[in-house]
Amino acid sequence: MLTFKKILDSPTYSTWMNLFSKYFTFFIITPLLLTKFSANNIALWYLFGTTIAFSGVLDFGFAQTLIRYSSFMKAGAQHTNDLLFGKSSPQSLLQTTGSTNWFFFKELLHTYQRIYLLLAAVASFLLIFIVTFLIKKTLVQSANSFEAYLAWVITVVGICLSMFGKRYDSILRGMDFISLINRWETLLNLLLGIIHIAILLLRPSITYLVLATHLITVLTIAKKRHLMYQYIPQLKRTKKEKINFNKGIFLASWEPTWKTGVIISSTQGVSQLSGMILSNVIPPAALASYLFSQKLLHACNQFSWAPFYSKIPQFNQLRMKGKISELRQYTFSSLNKSLYILVTLTFLVGITISKVLLLIKANTEFVTPSVWILLLLGTFVDRIQAMHGQIFMTTNNIKLYITSFFSGAIYLALLLLTIRTFEIYAIPIALITSNLVLNFWYNQKNSLQSLDTNFKEYFLSFLYKPIFLMILGSFFLLGISYLW
């Protein structure tokens, strides 16, 4: 029987609870935002959101590596060589006593503290000198350009602080405290939602909204630091201990990290850049429509992550213990659940949202059904290749970066060549094409080989079901939109 305690302790259900708190307030705030702000300021607000999402790329993959290494520590990694397990062969196992070397873990934490200090400095440089240039047009066209620039400065500072605090989140996740993180993030999301609603009702202002967002971000970092030392007290440094930067840990981290960074930059990075590039091509009203629709798609996307991405620490541990048959069934089942939720939620939004916008007399519109279906198809294809990439990355053999780089390059080239002609349509067309050319097939091939299976068996047992649902839903949405 599913009890409230089980929901709180389940990585999947607690992730959904976390996301529900975030998007419950989002759906309450959105009608206020769409009616109290002009199209220019709506575009600016969602563009800031895109920039915050893009900041995840500026981590360059260190967060994923730290999550993976924290899982290895929990499984009993004793020294630097244990962090390199799987490098020679995807099927190799971690040979340890099973007990955690806490001094080595402290060295890992201290080393990543230095790394993230440097990353925060690099992020500030890139945001100030490159991203500012990309979004300058939208900043200037806002209702109050001074307020827009002030909000942008707050955003840059908030992103850098968030970057420096990422290590606490990564270690908690790697040690499988995902449910604990989700419970606290749920409370903080609700607090932020209440503050945003109060601002929109009493003093609508982009600057106040942005300031509130990043103040809660700082509070979240402080709480995660407290939780890490509360639930993993062994990481507290004693007065007699001298913990130094461990060059071996850094070198062990560097190869999988920069490769992961290439993968993230070539997928999430180019996706977030799309909105910034689009802001220089289409009018603010059309940009607001696209960014609002993209935000809804991202909400559906995030809800569908939980059945798969919340299980990654468990996938890592099954891989290390050599339980390949169990890992295969667990990953494929989680992957399918993720795709079912993505498709179902996206079509529900596509069917209902236009009527809702008319009802509240919003100052923006939803994209056309054809654009929405193409955006979903692009996300669907991208999700499959990304999840198979994650499955293969549990081997600690990060060789997918080459194809990810070429796919990202193809995406950007197609986007830049077609965006002035096809405008919004150029984004899903570029995403679908770039993935189907290479990444979609290559990532599945490596993933399936590491799980001792093949594409035919995988397709007939699992993949055909979400594909059929996707096709059926597309025809249904087109038919409904025609009748309405």
Side-chain angles (χ1 to χ4, degrees), residues 15-17 19-35 39 42-43 45-46 49-50 53 193 271 274-275 278 282 285-308 335-384 422-429 431-432 463-484:
T15 299
W16 279 333
M17 184 174 68
L19 292 171
F20 180 78
S21 69
K22 184 185 296 184
Y23 286 106
F24 176 72
T25 53
F26 165 74
F27 284 115
I28 293 176
I29 290 166
T30 297
L32 294 171
L33 189 74
L34 298 182
T35 54
I42 293 170
W45 171 248
Y46 287 123
T50 298
S271 176
S274 303
L278 196 63
I282 62 177
L287 179 64
S289 174
Y290 168 74
L291 291 176
F292 168 66
S293 304
Q294 185 66 41
K295 180 70 175 180
L296 291 175
L297 179 60
H298 183 65
C300 298
N301 204 2
Q302 277 199 311
F303 267 104
S304 67
W305 287 351
F308 184 86
L335 189 151
N336 263 27
K337 288 175 185 175
S338 179
L339 294 176
Y340 292 148
I341 295 167
L342 171 65
V343 173
T344 303
L345 287 179
T346 307
F347 282 126
L348 285 174
V349 170
I351 291 167
T352 59
I353 192 64
S354 293
K355 296 295 182 182
V356 173
L357 293 178
L358 285 173
L359 187 65
I360 66 172
K361 299 179 181 178
N363 292 327
T364 191
E365 297 177 346
F366 190 61
V367 293
T368 63
S370 57
V371 171
W372 187 243
I373 289 171
L374 282 174
L375 286 171
L376 170 57
L377 181 58
T379 305
F380 184 86
V381 171
D382 188 61
R383 169 62 69 79
I384 292 173
F422 297 110
E423 295 186 342
I424 291 174
Y425 282 94
I427 292 175
I429 290 172
L431 181 61
I432 295 165
L463 189 58
Y464 80 92
K465 298 172 186 176
I467 289 177
F468 177 75
L469 182 63
M470 173 76 197
I471 295 170
L472 186 66
S474 299
F475 282 111
F476 183 74
L477 179 57
L478 287 173
I480 288 290
S481 62
Y482 177 77
L483 293 173
W484 283 10

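Because the structure is predicted, anything quoted here is derived from the model rather than measured. Only this structure's heavy atoms are used, side chains among them; waters, hydrogens and symmetry mates stay out.
- Taking CG from Leu287 and CD from Glu423, the interatomic distance works out to 11.5 Å, rounded to the nearest 0.5 Å.
- Separating the NZ atom in Lys355 from the CD1 atom in Ile360 is a distance of 14.5 Å, to the nearest 0.5 Å.
- We find the CE-CZ distance between Met470 and Phe347 to be 4.5 Å, quoted to the nearest 0.5 Å.
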Can you check side chain to side chain contact (heavy atoms under 4.5 Å, CB included) on Leu431 and Leu374, steps first, answer last?
-> CA-CA 10 Å; Leu431 181 61; Leu374 282 174; over 6 Å; no
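- Judged by distance alone, the side chain of Arg383 and the main-chain N or O of Leu335 form no donor-acceptor pair under 3.5 Å.
- Side-chain polar atoms of Tyr340 and Ser304 form no donor-acceptor pair below 3.5 angstrom.
- We find the CD1-OG distance between Ile282 and Ser289 to be 8.0 Å, quoted to the nearest 0.5 Å.
- Of all non-hydrogen atoms in Phe366 and Ser293, the two that sit nearest each other are CD1-OG, 3.3 Å.
- Between Leu339 and Phe308 the shortest side-chain heavy-atom distance does not fall below 4.5 Å.
- In this structure a side-chain-to-backbone donor-acceptor pair under 3.5 Å is present from Trp372 to Thr346.
- For the pair Thr50 (side chain) and Gly275 (backbone), a donor-acceptor distance under 3.5 Å is absent.
- Here the side chains of Leu469 and Thr344 are in contact, with some heavy-atom distance below 4.5 Å.
- Using a distance-only test at 3.5 Å, with no hydrogens or angles considered, no donor-acceptor pair links the side chain of Ser338 to the main chain of Pro307.
- Taking each heavy atom of Lys361 and Thr35 in turn, the nearest pair found is O-CG2, 3.9 Å.
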Going through the distances and angles, do Val349 and Leu345 end up as a side chain to side chain contact (heavy atoms under 4.5 Å, CB included)?
-> CA-CA 6 Å; Val349 170; Leu345 287 179; 5.5 Å; no
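- For Asn363 (side chain) and Ala39 (main-chain N/O), no donor-acceptor pair under 3.5 Å exists by modelled atom type.
- The aromatic rings of Phe292 and Tyr46 lie tilted to each other, with the angle between the two planes from 30° to 60°.
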What's the verdict on side chain to side chain contact (heavy atoms under 4.5 Å, CB included) for Ile467 and Leu463, showing C-alpha distance, side-chain angles and the deciding distance?
-> CA-CA 7 Å; Ile467 289 177; Leu463 189 58; 3.8 Å; yes
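- If you take CG on Leu477 and CD1 on Ile351, they are separated by 6.0 Å, rounding to the nearest 0.5 Å.
- Counting all heavy atoms, side chain and backbone alike, Ile42 lies closest to Ala288 at CG2-CB, 4.0 Å.
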Worked verdict on Ile424 versus Thr368 for side chain to side chain contact (heavy atoms under 4.5 Å, CB included) | CA-CA 10 Å; Ile424 291 174; Thr368 63; over 6 Å; no
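- How far CZ of Phe380 is from CG of Leu342: 7.5 Å, rounded to the nearest 0.5 Å.
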